[in-house]
There are 4 protein chains.
Amino acid sequence: MTSKRRTPKTPATPARRTPQQDRSRAMVARIVDAGQQVLITHGYDGASTNRIAAAANISPGSLYQYFPNKDAVVAAVIERYTREVADRVRARVLSNLGKPPEVSVPETISYLLDALGNDRELLRAVVEQTPRLAADGPVVAFEQQIGELSRVALSMGHYPIPDDIDTDAAAWMLVRAVEHLTIRYLLDAPPIPRDRFLADLNRLILNFFRDPRPRAERE
Amino acid sequence: MTSKRRTPKTPATPARRTPQQDRSRAMVARIVDAGQQVLITHGYDGASTNRIAAAANISPGSLYQYFPNKDAVVAAVIERYTREVADRVRARVLSNLGKPPEVSVPETISYLLDALGNDRELLRAVVEQTPRLAADGPVVAFEQQIGELSRVALSMGHYPIPDDIDTDAAAWMLVRAVEHLTIRYLLDAPPIPRDRFLADLNRLILNFFRDPRPRAERE
Amino acid sequence: MTSKRRTPKTPATPARRTPQQDRSRAMVARIVDAGQQVLITHGYDGASTNRIAAAANISPGSLYQYFPNKDAVVAAVIERYTREVADRVRARVLSNLGKPPEVSVPETISYLLDALGNDRELLRAVVEQTPRLAADGPVVAFEQQIGELSRVALSMGHYPIPDDIDTDAAAWMLVRAVEHLTIRYLLDAPPIPRDRFLADLNRLILNFFRDPRPRAERE
Amino acid sequence: MTSKRRTPKTPATPARRTPQQDRSRAMVARIVDAGQQVLITHGYDGASTNRIAAAANISPGSLYQYFPNKDAVVAAVIERYTREVADRVRARVLSNLGKPPEVSVPETISYLLDALGNDRELLRAVVEQTPRLAADGPVVAFEQQIGELSRVALSMGHYPIPDDIDTDAAAWMLVRAVEHLTIRYLLDAPPIPRDRFLADLNRLILNFFRDPRPRAERE
DNA sequence: CATGAATGAGCTTTCATTCAT
DNA sequence: CATGAATGAAAGCTCATTCAT
């Protein structure tokens with residue numbers, strides 16, 4: 001599983017990056033791969049630097065040439081995962097910018113569910129094993145990216161947003177709600193069909209923008 | 001083998017606690033106090049049994065007379081916290097059972113925010129420092145209690161719930177949304193006023209029960 | 001299993017020993033019983049004082065009223081066992097005093113094998129788990145008793161002992177040989193039938209007293 | 001994963017040891033030395049890994065790079081000792097293969113006495129302090145080696161062995177008798193001159209092979 | 001740069017023993 | 001005397017990190 005390919009001596013590509021840098025990048029990736037695998041199989045406490053180094057087929061000393069300490073490796077694992085998910089979701093959001101929310105919201109949520117669920121083991125490891133790094137780590141960055149995106153999307157939707165809505169506050173809340181509910185659905189596997197879950201989550205988000213329940217509606 | 005004989009002095013009286021039991025309870029409380037404090041100040045990884053014992057002013061050996069291992073202490077800390085919060089929230093929910101959701105939901109959420117925010121440092125320690133100790137740990141138990149409560153409240157609301165709603169699925173989702181958003185609001189302290197946050201959260205929940213956006217409303 | 005019988009208030013026997021002493025003796029026996037059982041099931045290192053006390057249905061503190069420390073309990077277990085074996089063997093040896101060695105030696109050895117094999121688990125525990133106490137403990141006393149006995153038996157056999165034999169040296173050697181070989185036979189269970197083993201051991205001992213192999217016998 | 005590549009500089013030469021291996025061997029020897037010394041001075045229970053590491057002038061962690069646990073160190077101490085003794089005795093036995101038992105047996109026993117007595121303190125530590133670490137531990141291996149040897153020696157003696165002797169059973173018994181008596185003589189230091197002891201032990205062994213005492217001899 | 005042996009502080013846990021009740 | 005909670009020294013062992021080669 002770990003990359004045994006060595007950078008070919010004479011690459012065809014007009015080497016923009018130094019071989020130096022290539023080797024270094026490859027090494028970092030190798031370590032992150034190893035860290036991810038170990039994190040999944042052994043959990044945070046079982047992810048010793050020795051084990052990660054062994055899984056990366058390098059010496060423990062070498063690991064410290066690329067990362068200052070153990071937590072940096074774990075953080076890199078998380079960062080890479082969230083970046084991948086965020087990239088994919090962002091692309092989808094952008095491609096839906098012009099569409100009405102009844103279309104774009106379900107599309108986005110469905111895609112997020114797929115993206116997060118793509119590696120459920122890793123998701124579980126990240127969420128359940130590494131809260132200790134969460135302080136202002138990569139997960140937060142992830143939310144900020146998506147939050148920013150949502151705010152843009154909200155403001156560009158060619159439909160009226162009720163006056164009583166604070167875009168920033170709403171984005172903060174909805175992003176976190178969607179993210180958390182999706183993760184919990186994936187990890188806790190409640191006895192709720194996927195379609196039902198998606199329908200409810202969409203309803204939650206979309207109904208938020210409706211006018212507060214007018215008196216008349218009751219009774 | 002340990003003395004199960006109770007002093008038969010006053011057999012009819014509703015169990016005045018033996019000094020034995022009192023001492024034991026006090027000791028457990030002392031250890032949980034210490035564990036809580038250490039968890040807050042040193043985090044999960046820094047919460048060594050020796051440190052907890054020292055903080056409780058007992059010997060490391062004594063700790064093991066009351067808890068089988070370190071995680072049991074941490075679990076007790078969490079359990080006590082979630083129980084306290086759950087107890088207070090449950091009381092409030094029950095006292096609002098007859099009222100319409102426009103009243104009971106804001107009341108409950110506001111109260112939950114207060115209850116959780118009562119010890120923000122502990123909340124942070126529990127949420128950000130503590131790995132999932134068990135699949136059926138105290139946090140999960142907490143959610144199940146509140147979830148059960150919500151389902152009851154929903155069904156007793158005396159007002160029509162749209163046909164297209166699955167009570168269980170809705171309860172699962174809304175409970176987790178409220179819980180998580182409240183916690184994040186408390187821990188991340190986003191630049192959103194409390195009133196705004198509460199209003200939005202209430203809107204999120206209450207609007208969920210409205211009919212899906214009818215055709216007419218768009219445009 | 002442990003004795004729950006309490007010393008009857010008014011014993012029929014004309015109480016020579018104080019109830020005090022009786023209680024004390026009973027207690028010691030109870031502790032030794034417990035120690036023996038724990039030694040067998042948990043080994044020396046697993047025989048904690050707490051476990052022994054629990055097995056004796058007393059508190060750990062009480063144990064120290066009867067024994068100064070853990071090793072004293074273990075020593076008492078060994079002492080009682082070896083004393084019982086020695087008593088039985090001694091009786092048999094004495095009853096064979098007049099008989100020729102061709103009769104008395106097999107009788108004694110066979111009886112020793114039975115006596116030692118009576119509680120093979122205890123024998124194993126004593127031999128394999130408690131060498132650390134062997135210095136000049138009860139096992140040594142056992143050998144001295146039997147050795148003394150043997151010397152007496154040797155000197156009272158109404159048959160000639162060759163001049164070149166030092167009775168003390170011979171007794172020292174033969175006693176240890178018989179003891180050790182019997183124990184090893186019981187514990188290691190080599191693929192040797194009991195009869196064969198006994199015959200060989202008797203041959204070893206009895207032939208010892210023959211004249212050193214004369215030249216003539218060879219070729 | 002650990003470097004199994006050998007420097008291919010001189011492929012034909014009969015494996016000059018890498019410095020790697022030398023260092024490792026030296027370290028193991030150092031730890032075994034330390035373990036031996038600590039075992040002698042503090043006994044098995046006092047032979048903590050920290051103490052052994054300190055005696056070896058290494059850190060406790062280093063010890064675990066060479067031995068998986070404490071008992072492995074103790075086992076290595078015993079193994080080295082028994083191997084040394086066995087090697088020396090085996091050499092002597094082999095060089096006596098052709099000789100008659102009246103010569104080879106005394107020679108072997110005398111040599112065994114010397115070999116075992118070479119480090120009486122260690123012998124005492126091994127015999128009196130060390131619990132049976134495993135059913136197939138070094139002591140047992142030692143006996144099997146010597147037993148095997150004896151059987152060979154017996155069968156090559158070129159002189160008649162009585163028909164009524166089972167070679168395996170006899171070897172089992174005699175080996176253990178010689179071993180145990182020699183050890184006890186060294187450790188208990190009974191008031192028996194060395195010559196007397198050797199003479200008696202030889203007599204015990206050699207006489208074993210004589211015909212069972214014929215009728216005529218009695219009386 | 002890579003290595004991996006070496007480090008040593010620190011961890012969780014046990015248990016013989018004591019002593020206030 | 002009996003109790004058993006409390007002790008605390010010490011055990012075996014791990015692992016993030018360093019540094020000489």
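Numbered from 1 within each chain, the chains take letters A, B, ... in sequence-line order.
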- request: Whole angstrom is fine here: how far is it from OH in Y66(A) over to P in dA16(F)?
  value: 20 Å
task: Quick one: list whatever passes side chain to side chain contact (heavy atoms under 4.5 Å, CB included) with A72(D), sequence neighbours left out.
output: F67(D), P68(D), N69(D)
task: Enter the distance from Y44(A):OH to T130(A):OG1 here, rounded to the nearest 0.5 Å.
output: 8.5 Å
- request: Using the salt bridge (charged side-chain N to carboxylate O under 4.0 Å, His left out) rule, collect all pairs that involve residues 51-72 of chain C, keeping only residues at least two apart or in two chains.
  value: none
- prompt: Nearest-Å distance, NE2 (H42(A)) to C1' (dT14(F))?
  reply: 14 Å
- prompt: Mind checking what makes side chain to side chain contact (heavy atoms under 4.5 Å, CB included) contact with E121(B), not counting sequence neighbours?
  reply: I40(B), D119(B)
statement: For nucleotides 16-21 of chain E, 5' to 3', base contacts (B), sugar-phosphate-only contacts (S) and non-contacts (-) with protein non-hydrogen atoms under 4.0 Å give BBB---
field: Pairs flagged by side chain to side chain donor-acceptor pair (under 3.5 Å) wherever residues 54-67 of chain B is involved - sequence neighbours left out
entry: S59(B)-S62(B)
message: Let me test you: for the helix from dA2(E)-dT21(F) to dT21(E)-dA2(F), what is the angle between the axes at its two ends (five pairs each), rounded to 10 degrees?
response: 10°
message: Restricting to side chain to side chain contact (heavy atoms under 4.5 Å, CB included), what partner residues turn up for N50(A), sequence neighbours left out?
response: S48(A), P60(A)
statement: So salt bridge (charged side-chain N to carboxylate O under 4.0 Å, His left out) across residues 56-67 of chain C, not counting sequence neighbours, yields none
Integer-rounded Å distance: dT14(E) C1' and I52(C) CD1: 15 Å
message: Just to be sure I understand the rule, does L63(D) reach a base, reach only the sugar-phosphate, or reach nothing, if contact means heavy atoms closer than 4.0 Å?
response: nothing
message: Among residues at least two apart in sequence or on other chains, which ones pass side chain to side chain contact (heavy atoms under 4.5 Å, CB included) with V126(B)?
response: I78(B), Y81(B), L122(B)
message: Taking only side-chain N and O atoms of Q65(C), does any of them lie within less than 4.0 angstrom of OP1 or OP2 on dA2(F)?
response: yes
- line: For I31(B) and V73(B), the nearest pair of non-hydrogen atoms, with its separation, is CG2-CG1, 4.1 Å
field: Closest-nucleotide ordering on DNA chain E, the 5'-leading residue of G46(B) and N57(D)
entry: N57(D)
message: Classify F67(B) by what it touches in the nucleic acid, base, sugar-phosphate, or nothing, heavy-atom distance under 4.0 Å.
response: nothing
Residue-phosphate contact under 4.0 Å: S59(D) side-chain N/O, dG8(E) OP1/OP2: no
